[in-house]
Amino acid sequence: MTQLLTRASSINRALDQMGDKWCILIIQEVFWGINTFGGMLEATGVSRGVLSNRLKWLQSVDCLRKRDAGTGQRHPVYHLTRKSIDLYHSSLMAVVWEERYYPPPASGKVHLFHRNCSHNLVTRMRCGSCRQPVHGRDVSYHPGPGATRDARDKKVRRRSSLSAADVPSERSVYRNLINLVGDRWTANVIALAFHGLERFDEFHRELPVATNILSDRIRFLVKQGVFAARPYQQRPVRYAYTLTEKGWDMFPYFLSLLQWGDKWCDPAGNGRPMCLTHTLCGENLHGEVVCSHCGEELRAHHVDFTIGSVPVWVE
């Protein structure tokens, strides 16, 4: 039973810090340069109370810092910390998935330029050992030194009614992914599917969530094309839920988020709850987000970007 509970807890360190979809949207807007309360209010479409609450949370977990208005400024501004800047790789993997499955209009297209090699780039994730592309099917798992039981109380909160279309900002370049992973239990179910779990009772053994809420999340993932349902029993009819290619292609995003959690969300220093092995090379898996042209691992301060307008450096 410890093995199963470890699977659920391995991604939860990061999810606990990230909060809900409103928190992810706020950090995304700050990445794109929107850093005042009024600017975020207009960009996200969230209520003032919810925005104020989430900003306080993100400050409490050291993902944002607030600076009072200075000379020439009318309002306080919020800045990313070293911790939240390290979410950059997750953001890049989110953009890759979003552009593949929800191609944006020209006004929402992200253009990236790697200053270190002076080329436009498309990001990709590779194994740090063998440098081959990382796919979730080529990964095995075993408990790490920080393995713990998931001791949370049973949750019954319903999924937020926010849809991708409700977010007004054109900079919300991965709003559809946020609509999927911005809910704790939906993200948990996807993460467990990467471990090979397929049946309702398997997911329920892992997660302290009410059965009706779990059913809602699974139906949602089937509707969104992340899961495919196939019957494995006729009387009564029971279904197995397997990842589609759309679902498997979310793995690089989850891996980058898991690695962020391992780095930043272990104050006790117990180590990783889950260790991953890249079965193609047999080594411990560390995913690297790299430039498609030169192969160098990407850093936020080495990449220029524009959203919408075509920059002069596009080849």
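Owing to the predicted nature of the structure, the values given are computational and were not obtained by experimental measurement. When reading the values below, keep in mind they use all heavy atoms of this one structure, side chains included, and skip hydrogens, waters and symmetry mates.
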Chemist: If hydrophobic clusters are built by linking Ile, Leu, Val, Met, Phe, Trp and Tyr wherever their side-chain heavy atoms come under 4.5 Å apart, do Met18 and Val50 end up in the same one?
Modeler: yes
Chemist: Decide salt bridge (Lys or Arg N to Asp or Glu O under 4.0 Å) for Arg13 and Asp262; before the verdict, give the C-alpha distance in whole Å, the side-chain angles of both, and the deciding distance to 0.1 Å.
Modeler: CA-CA 8 Å; Arg13 290 201 303 196; Asp262 288 342; 2.8 Å; yes
Chemist: Roughly how far apart are Trp264 CH2 and Thr81 OG1, rounded to 0.5 Å?
Modeler: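 Answer rounded to 0.5 Å: 7.0 Å.
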Chemist: Keeping Thr279 on the side-chain end and Asp138 on the backbone end, is there a donor-acceptor pair under 3.5 Å?
Modeler: yes
Chemist: Once you round to the nearest 0.5 Å, how far does CZ of Phe200 lie from OH of Tyr241?
Modeler: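 Rounded to the nearest 0.5 Å, the CZ-OH separation comes out at 8.0 Å.
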Chemist: Looking only at non-hydrogen atoms, find the nearest pair between Ala187 and Val181 and report the distance.
Modeler: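 So the minimum-distance heavy-atom pair works out to CB-O, 3.8 Å.
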Chemist: Taking it one step at a time, do Arg199 and Gln233 satisfy side chain to side chain contact (heavy atoms under 4.5 Å, CB included)?
Modeler: CA-CA 11 Å; Arg199 299 182 180 183; Gln233 177 179 304; over 6 Å; no
Chemist: Taking it one step at a time, do Phe220 and Asp183 satisfy side chain to side chain contact (heavy atoms under 4.5 Å, CB included)?
Modeler: CA-CA 11 Å; Phe220 178 66; Asp183 171 81; over 6 Å; no
Chemist: Got a second to check how far Gln132's CD is from Cys130's SG, nearest 0.5 Å?
Modeler: 5.0 Å
Chemist: Hey, mind stepping through His111 and Asn120 against side chain to side chain contact (heavy atoms under 4.5 Å, CB included) and telling me if it holds?
Modeler: CA-CA 8 Å; His111 304 280; Asn120 306 323; over 6 Å; no
Chemist: Does any N or O in the side chain of Asp20 come within less than 3.5 Å of the main-chain N or O of Cys23, such that one atom is a donor and the other an acceptor?
Modeler: yes
Chemist: Just wondering, do Ser129 and His286 contact through their side chains at under 4.5 Å, heavy atoms?
Modeler: no
Chemist: Using 30° and 60° as the class boundaries, would you call the ring planes of His135 and Trp248 parallel, tilted or perpendicular?
Modeler: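 The arrangement is tilted - the two ring planes meet at 30° to 60°.
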Chemist: When you measure from the side chain of Trp57 to the backbone N and O of Gln17, does any donor-acceptor pair fall under 3.5 Å?
Modeler: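 It does hold such a pair.
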Chemist: Report the distance from atom CG of Leu92 to atom CG of Leu121, rounding to the nearest 0.5 Å.
Modeler: 8.0 Å
Chemist: I need the minimum non-hydrogen distance between Gly271 and Pro145, along with the two atoms involved.
Modeler: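 Heavy atoms of Gly271 and Pro145 come nearest at CA-CG, 4.1 Å.
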Chemist: Near Arg137 CZ, under 6.0 Å, is it more than 12 heavy atoms from other residues, nucleotides or ligands?
Modeler: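 Counting other residues, nucleotides and ligands, CZ of Arg137 exceeds 12 neighbours.
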Chemist: Is the shortest heavy-atom distance from the side chain of Leu15 to the side chain of Leu257 under 4.5 Å?
Modeler: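 In short, these two side chains touch, coming nearer than 4.5 Å.
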Chemist: Under 4.0 Å between a side-chain nitrogen and a carboxylate oxygen: does that hold for Glu98 and Arg175?
Modeler: no
Chemist: Out of curiosity, Thr186 OG1 to Leu214 CG, how far, rounded to the nearest 0.5 Å?
Modeler: 9.5 Å
Chemist: Assess whether side chain to side chain contact (heavy atoms under 4.5 Å, CB included) is satisfied between Leu55 and Ser52, documenting all intermediate values.
Modeler: CA-CA 5 Å; Leu55 286 172; Ser52 178; 5.9 Å; no
Chemist: Please find the pair of heavy atoms, one from Met93 and one from Pro252, that lie closest to each other, and give the distance.
Modeler: SD-CB, 3.5 Å
Chemist: In terms of hydrophobic clusters joined by side-chain contacts under 4.5 Å, are Val290 and Val95 together?
Modeler: no
Chemist: Taking the side chain as every heavy atom from C-beta outward, state whether Lys83 and Lys263 have any atom pair closer than 4.5 Å.
Modeler: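 Not touching, per the 4.5 Å side-chain cut-off.
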Chemist: What pair of heavy atoms forms the shortest contact from Pro267 to Cys265, and how long is it?
Modeler: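 Answer, listing the atom of Pro267 first, then Cys265: CD-C, 3.4 Å.
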Chemist: Regarding Arg238 and Glu198, does a basic nitrogen lie under 4.0 Å from an acidic carboxylate oxygen?
Modeler: no
Chemist: Tell me, do Arg205 and Leu197 make a side-chain contact under 4.5 Å, heavy atoms counted?
Modeler: no
Chemist: Of Arg126, Gln259, Arg131, which is the lone residue that meets side-chain hydrogen bond (donor to acceptor under 3.5 Å, both in side chains) with Glu288?
Modeler: Arg126
Chemist: Verify side chain to side chain donor-acceptor pair (under 3.5 Å) between Arg299 and His301, making sure each step is shown before the conclusion.
Modeler: CA-CA 6 Å; Arg299 297 287 182 263; His301 57 283; over 6 Å; no
Chemist: Does atom OH of Tyr239 have more than 12 heavy-atom neighbours from other groups under 6.0 Å away?
Modeler: no
Chemist: Side-chain contact, heavy-atom cut-off 4.5 Å: Leu207 with Val189?
Modeler: yes
Chemist: Does any part of the side chain of Phe113, heavy atoms only, come nearer than 4.5 Å to the side chain of Ser118, both counted from C-beta?
Modeler: yes
Chemist: May I ask you to decide whether Asp266 forms a salt bridge with Arg272, counting only side-chain N to carboxylate O separations under 4.0 Å?
Modeler: no
Chemist: With rounding to the nearest 0.5 angstrom, report the SG to CD1 distance, Cys63 to Ile26.
Modeler: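 Output value for this atom pair is 11.0 Å.
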Chemist: In the single-linkage hydrophobic clustering (I, L, V, M, F, W, Y; side-chain heavy atoms under 4.5 Å), do Phe203 and Val237 co-cluster?
Modeler: yes
Chemist: Flag the pair Gln28 / Tyr174 as yes when at least one side-chain heavy-atom distance between them is below 4.5 Å, and no otherwise.
Modeler: yes
Chemist: For residues Ile307 and Tyr88: do they belong to one hydrophobic cluster (side chain heavy atoms under 4.5 Å, members Ile, Leu, Val, Met, Phe, Trp, Tyr)?
Modeler: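 Result: yes, single cluster for both.
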Chemist: Which pair of heavy atoms, one from His278 and one from Pro133, lies closest together, and at what distance?
Modeler: NE2-O, 4.1 Å
Chemist: Please find the pair of heavy atoms, one from Met274 and one from Pro143, that lie closest to each other, and give the distance.
Modeler: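 Residues Met274 and Pro143, closest heavy atoms: SD-N, 4.1 Å.
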Chemist: Could you state whether Ile85 and Leu64 fall into the same hydrophobic cluster, counting links through intermediate Ile, Leu, Val, Met, Phe, Trp or Tyr residues with side-chain heavy atoms under 4.5 angstrom apart?
Modeler: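 Same cluster: Ile85 reaches Leu64 through Ile, Leu, Val, Met, Phe, Trp or Tyr contacts under 4.5 Å.
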Chemist: Can you tell me how the ring of His293 sits relative to the ring of His119, calling it parallel under 30°, perpendicular over 60° and tilted otherwise?
Modeler: parallel
Chemist: Are any side-chain N or O atoms of Thr244 and backbone N or O atoms of Val226, one a donor and one an acceptor, separated by less than 3.5 Å?
Modeler: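 Yes, the answer is positive, given that a donor and an acceptor are paired below the 3.5 Å cut-off.
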Chemist: Considering only heavy atoms from C-beta outward, does the side chain of Tyr141 approach that of Cys275 to under 4.5 Å?
Modeler: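 With C-beta onward as the side chain, the pair stays apart.
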Chemist: Sorted by first residue and then second, give each ring pair (Phe, Tyr, Trp, His ring centres under 6.0 Å) pair with at least one member in residues 91-110; sequence neighbours left out.
Modeler: Trp97-Tyr101, Trp97-Tyr102
